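What follows is one structure encoded as structure tokens, with my remarks underneath.
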Amino acid sequence: EGIAFKKTHNLGALLDLLIPIEPSWKAFRAGLDSLTDAAVEVRYPGFSVDKKIAREMFKTCREVRSFVGLSLGLTLANK
């Protein structure tokens, strides 16, 4: 779509750029915000996540990937 974007790890900020084109993707706001928060926290010493949170984050990643793939008409391996 030719959307200009800055380098960022903030998935919510990237989502904001996409919502005008794909409004249904806003359903993933909470999950993407959680992924951003978790990814930033674990990059620093003293922060970690437990297995439960890691599994939830992995589930969110899979759901978003599947939904986006379908939205874009892609066939994704390793669903």
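Just so it is clear, the model here is predicted, and its values are computed rather than measured.
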To check you understand the geometry: which heavy-atom pair defines the closest contact between [X] and [Y], and what is its length?
X	Y	answer
Arg29	Gly12	NH1-O, 3.2 Å
Ala38	Met57	CB-SD, 4.0 Å
Ile21	Ile3	CD1-CD1, 3.1 Å
Trp25	Leu15	O-CD1, 3.6 Å

Salt bridge present between Asp50 and Arg55 (N-O < 4.0 angstrom):
no
Following the transitive rule for hydrophobic clusters with a side-chain heavy-atom cut-off under 4.5 Å over Ile, Leu, Val, Met, Phe, Trp and Tyr, establish whether Leu14 and Ile19 coincide in one cluster.
yes
Would you say Leu35 and Leu17 are hydrophobically clustered, going by side-chain heavy atoms of ILVMFWY under 4.5 Å?
yes
Spatial distance of atom CD (Glu22) from atom CZ (Phe67) [nearest 0.5 Å]
7.5 Å
Taking atom CZ of Arg65 and atom CG of Leu74, what is their separation to the nearest 0.5 Å?
9.5 Å
For Glu56, does its backbone N or O pair with a side-chain atom of Thr60 as donor and acceptor, under 3.5 Å?
yes
Does some side-chain heavy atom of Leu11 sit less than 4.5 Å from a side-chain heavy atom of Asp33?
no
Salt bridge (charged side-chain N to carboxylate O under 4.0 Å, His left out), that's the test. Do Lys26 and Asp16 meet it? Break it down for me.
CA-CA 8 Å; Lys26 67 183 170 187; Asp16 289 339; over 6 Å; no
